[in-house]
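Just so it is clear, the values below take in all heavy atoms, side chains as well, and ignore hydrogens, waters and symmetry mates. If you're wondering where the values come from, they're calculated on a predicted model, not measured in any experiment. Convention: sequence-line order gives letters A, B, ...; per-chain numbering from 1.
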Amino acid sequence: MKEVLREKVEKAIEELYREKPEGFKIEKPKEEKFGDYSTNAAFLLAKPLRKSPSVIAEELSRFLAEDSMFEKISPERGFINFSLSKDFLIKELESLITEGEDYFREDLGKGRKVQVEFVSANPTGPLHLGHGRGAVVGDTISRLLEFYNYEVVREFYINDAGRQVYVLGVSIFYRYLQLFGKEREYPEIEKLFEEEGYKGEYVKELAVTLKEVLGEALLGQSLEEALEKLLSADFPFELNYLNRLEELDSVKLCSSFGLDAMLHEIKRDLEGIGIDFDVWFSERSLYERGLVEELIEKLKEKGYIYESEGAVWLKASELGDDKDRVVRKSDGSYTYFASDIAYHYEKFRREFDRVINVWGADHHGYIPRLKAVLKALEIPEEWLEVYLIQMVRLFKGGKEVKMSKRAGNFVTLSSLVEEIGQDAVRFVFLTKRSDTPLDVDVNRLKEKSSDNPVFYVQYAHARISGVFREYEKRYSESVENIPVDFLKHLWEEAEFKLVKKLLGMKDELVSATLKREPHAITYLLIETAGLFHNYYNHHRILGMDEEVMKSRLLLLKALRIFIKLGLKLIGVNAPDRM
RNA sequence: GGGCCCGUAGCUCAGAUGGAUAGAGCAGGGGAUUUCUAAUCCCCAGGUCGGAGGUUCGAGUCCUCCCGGGCCCGCCA
């Protein structure tokens with residue numbers, strides 16, 4: 001809508017003044033008396049034309065008034081205010097109803113390839129609420145991009161190479177030893193576990209499983225037998241890591257088994273909120289293919305690598321970061337940053353036009369160093385977008401449910417899904433801008449009332465469907481068969497207010513997509529649902545004169561198209577009855 | 001000490017590249033149901049946009065400083 005207006009204004013300016021002003025705005029005035037849209041174009045023309053804004057506004061208004069799109073154009077103190085004509089609005093509404101959700105679609109992406117990397121949680125424990133929020137944000141960004149014709153790849157980066165995976169193995173092995181009362185016989189294992197081990201219940205459960213399948217096999221020297229037993233046992237998941245185990249050692253055996261088990265659990269948790277990744281990218285594979293070394297070599301050739309104190313450093317400070325960063329430690333092992341360099345170069349090689357990372361906010365310090373690498377590799381900075389997700393706190397009846405990582409108990413994503421359901425979880429994670437902390441009140445989300453925004457929106461959809469059902473029952477005719485021609489019988493102010501809001505949603509959706517602000521969708525939905533409930537409470541539909549009834553049914557149909565689309569874009573169901 | 005984010009109604013939060021009298025939901029007060037779903041709606045009240053300067057026709061929005069809160073600042077991931 002704004003684009004259409006912009007073109008008209010531009011054209012008028014060109015014909016009247018032969019000027020091409022840039023950066024003028026088309027906006028929705030807050031007050032109705034200023035019309036449906038307005039522009040500040042006259043202000044910007046005042047200087048080059050050496051005329052007062054109000055004179056320019058008047059001249060432009062007179063020129064544009066011919067257009068049948070407008071009911072009225074009024075210049076006011078330099079602003080130009082547009083009111084859309086009913087004919088125009090009805091014609092647009094007609095297209096909305098005939099085209100369905102495609103009405104809102106636009107070819108923003110032109111098929112360009114975008115990768116969205118999100119969650120990427122360490123496979124050393126179950127997903128918690130923060131991961132869940134990142135998952136929903138990443139998935140919703142993906143859905144929005146897909147809707148606008150981008151080719152999206154959803155990717156999960158598996159940190160299966162570093163020390164954390166080893167610590168997972170130690171933790172499982174330690175718990176396993178405990179089951180036999182033998183932990184004292186392995187002092188290094190015990191020490192490492194006490195200091196850094198994963199202490200959650202799930203580790204104990206894995207140990208119990210190992211005991212059930214293997215008996216004492218991991219205690220003695222019968223590791224080959226243990227591996228064989230595990231591989232031939234019946235698990236609900238594949239043993240990809242265990243199958244590729246190179247070095248036979250109890251901790252590594254435990255960590256490989258743990259990886260397989262945790263990844264399976266993570267996938268299941270994500271499925272529980274309707275998220276499916278296209279690519280599960282293994283960090284380890286970067287090392288196996290020699291990419292990490294290759295990239296460090298590449299950076300070295302460009303002169304950005306040096307050695308000091310036995311470690312290998314990137315001259316990040318020359319590239320916009322505040323200090324230099326270690327890529328290879330003095331003990332010869334690589335930092336997480338090193339594989340990240342390789343990973344992002346790998347993304348670049350895969351020819352994505354754009355790469356979007358959704359990270360936990362605690363990673364914000366990594367952005368400058370990653371951008372530094374891009375600069376060194378001569379990859380344009382805009383190629384990589386990073387969005388940060390702030391933490392989620394859980395409240396029950398006004399009291400915070402604390403989570404403590406050290407004690408190993410945290411609120412898992414799956415437990416929240418179990419409690420309030422997939423729809424509520426997805427919705428609530430989008431009720432705030434993602435870079436600010438979010439408080440989730442479980443009790444409120446279980447309520448079935450207008451206090452609960454999920455129900456409020458879904459109910460609007462169900463209510464419209466209910467009206468349609470009743471119409472079909474009473475008149476033995478489907479709403480689908482009502483000709484759009486009946487729209488011309490809409491006449492009430494309230495109805496046109498709704499229509500304008502609805503048509504404006506096209507701009508709003510585009511803006512939410514370009515700004516990568518998935519939370520905006522929930523606000524748009526709540527607003528639309530509110531307008532509908534309001535309208536519904538003041539206007540009868542069934543039983544009115546045929547013309548009025550059918551025009552209103554069509555209006556409801558248009559509303560339902562948008563609500564359904566909005567819900568689809570955030571991955572929430574649109575029920576026909578509740 | 002340095003960096004990032006934040007500070008808007010009692011509470012939770014919206015406010016696109018600066019635009020006209022700053023919005024919504026909850027909580028509080030008052031009302032609406034012979035109905036197509038009251039799982040809903042309407043009205044009222046509530047504000048020095050943390051503070052002070054600056055930029056300009058115009059600042060919640062941009063700049064500087066200060067106050068307050070969160071997160072980060074490792075040869076951890």
message: Testing the 3.5 Å rule here: is there a donor-acceptor pair between the side chains of A:E283 and A:Y343?
response: no
- prompt: Of all the nucleotides listed (B:C76, B:G3, B:A16), which has the minimum atom distance to the side chain of A:H364?
  reply: B:G3
field: Sugar-phosphate only, base, or nothing, as touched by A:H539 at under 4.0 Å among non-hydrogen atoms
entry: base
task: Please work out if A:A462 contacts a base, only the sugar-phosphate, or nothing of the nucleic acid, heavy-atom cut-off 4.0 Å.
output: base
message: Rounding to an integer number of Å, can you tell me how far A:R163 CZ sits from B:G74 C1'?
response: 13 Å
- request: State whether the distance check finds a donor on one side and an acceptor on the other, under 3.5 Å, for side chain A:T436 versus base B:C6.
  value: no
message: When the C1' atoms of B:U56 and B:G3 are compared, how many Å lie between them, rounded to an integer?
response: 31 Å
field: Pairwise C1' distance, B:G74 and B:G69 [rounded to whole Å]
entry: 26 Å
message: At 4.0 Å (heavy atoms only), tell me whether A:F468 reaches a base, stays on the sugar-phosphate, or touches nothing.
response: nothing
message: Both conditions, 6.0 Å and 45 degrees, for the charged tip of A:K506 above the ring of A:F104: are they met here?
response: no
message: Nearest whole Å is fine: how far is B:A39 C1' from A:H533 NE2?
response: 8 Å
message: Using whole Å, what does the distance between atom P of nucleotide B:A16 and atom OH of A:Y37 come to?
response: 16 Å
- prompt: Base, sugar-phosphate alone, or nothing: which one does A:K473 contact when heavy atoms must sit under 4.0 Å apart?
  reply: nothing
statement: note: A:H363, atom NE2; B:C5, atom P; distance rounded to Å ~ 18 Å
query: Is A:S333 touching bases, backbone alone, or none of the nucleic acid, heavy atoms closer than 4.0 Å?
result: nothing
- request: Tell me which of A:S511 and A:A311 sits closer to the 5' end of RNA chain B, going by the nucleotide each one is nearest to.
  value: A:S511
query: Using a cut-off of less than 4.0 Å, is there contact between a side-chain N or O of A:K323 and OP1 or OP2 of B:G74?
result: yes
message: If you only use heavy atoms from C-beta on, which nucleotide in B:C36, B:U40, B:A16 is closest to the side chain of A:R463?
response: B:U40
message: Could you tell me if the side chain of A:E495 sits less than 4.5 Å from the side chain of A:L555, heavy atoms only?
response: yes
- request: Scan every strand shown for a Watson-Crick or G-U wobble partner of B:A27, both distances under 3.5 Å, and answer none if you come up empty.
  value: none
query: Which listed nucleotide (B:G15, B:U35, B:G19) is nearest to the side chain of A:N40?
result: B:G19
- prompt: Would you say a side-chain N or O of A:N537 is under 4.0 Å from OP1 or OP2 of B:A38?
  reply: no
query: Is there a donor-acceptor contact under 3.5 Å linking the side chains of A:N122 and A:T124?
result: no
task: Considering just the side-chain nitrogens and oxygens of A:K515, establish if one lies under 4.0 Å of OP1 or OP2 belonging to B:U17.
output: no
task: Could you state the atom-to-atom distance from OH of A:Y535 to C1' of B:C36 in whole Å?
output: 12 Å
Residues A:D324 and A:Y306: side-chain donor-acceptor under 3.5 angstrom: yes
- prompt: What nucleic acid atoms does A:R328 come within less than 4.0 Å of, heavy atoms only: base, sugar-phosphate, or nothing?
  reply: nothing
Interatomic distance where CD1 belongs to A:I541 and P belongs to B:U35 [whole Å]: 16 Å
- prompt: With both distances under 3.5 Å as the test, what is the Watson-Crick or G-U wobble partner of B:A32?
  reply: B:U40
query: Which of these nucleotides, B:C4, B:A14, B:C36, is closest to any side-chain atom of A:R433?
result: B:A14
- prompt: Can you tell me how far C1' in B:C49 sits from the matching atom in B:A24, rounded to whole Å?
  reply: 16 Å
message: Say we look at B:A27 and B:C42: how far apart would their P atoms be, to the nearest angstrom?
response: 15 Å
message: Whether the A:Y241 and A:R284 side chains hold a donor-acceptor pair (N or O, under 3.5 Å, no angle test) is what I'd like checked.
response: no
- request: Name the nucleic acid region contacted by A:H538, choosing base, sugar-phosphate or nothing; use a 4.0 angstrom heavy-atom cut-off, strictly under.
  value: sugar-phosphate
- prompt: Could you state the CZ-P distance from A:R560 to B:C36, rounded to the nearest angstrom?
  reply: 19 Å
- request: For B:A22 and B:C13, measure between their C1' atoms and round to the nearest Å.
  value: 14 Å
- request: Record whether the side chain of A:N81 comes under 3.5 Å of the base of B:A20 through a donor-acceptor pair of N or O atoms.
  value: yes
- request: Using the P atom as the reference point in each nucleotide, state the distance between B:G7 and B:A45 in Å, no decimals.
  value: 27 Å
- request: Compute whether any side-chain donor of one residue and acceptor of the other, for A:D423 and A:Q458, lie under 3.5 angstrom apart.
  value: yes
Length of the line joining A:Y523:OH and B:C26:C1', which is rounded to integer Å: 12 Å
- line: When A:V326 and A:L438 are each assigned the nearest nucleotide of RNA chain B, the 5'-most assignment goes to A:L438
query: Any stacking of A:F79 on B:A20, going by centres under 5.5 angstrom and planes within less than 30 degrees?
result: yes
- prompt: Which part of the nucleic acid, if any, lies within contact of A:E309, taking any heavy atom under 4.0 Å across all strands shown: a base, the sugar-phosphate backbone alone, or nothing?
  reply: base
field: Proximal nucleotide (of B:C72, B:C36, B:A14) relative to the A:K432 side chain
entry: B:A14
- prompt: Watson-Crick or G-U wobble partner for B:C71, using a 3.5 Å limit on both distances?
  reply: B:G3
query: With both distances kept under 3.5 Å, what pairs with B:A16, Watson-Crick or G-U wobble?
result: none
message: Please report the distance separating the C1' of B:A14 from the corresponding atom of B:G23, rounded so that it comes out in whole Å.
response: 7 Å
Given B:A38, B:C75, B:C41, the nucleotide with the shortest approach to the side chain of A:Y456: B:C41
message: So if I take every side-chain heavy atom of A:D435 and compare against B:C6, B:A16, B:A39, which nucleotide ends up nearest?
response: B:C6
message: Nearest to the side chain of A:Q164, heavy atoms from C-beta on, is which of B:C76, B:C36, B:A20?
response: B:C76
query: If we take the P atom in both B:G19 and B:G1, what is their distance in whole Å?
result: 35 Å
- prompt: Going by heavy atoms in the side chains, are A:W359 and A:L370 under 4.5 Å from each other?
  reply: yes
message: Can a side-chain donor-acceptor contact be found between A:S83 and A:D36 if the only test is distance below 3.5 angstrom?
response: no
statement: Ranking B:A16, B:A39, B:A20 by distance to the side chain of A:M578, first place goes to B:A39
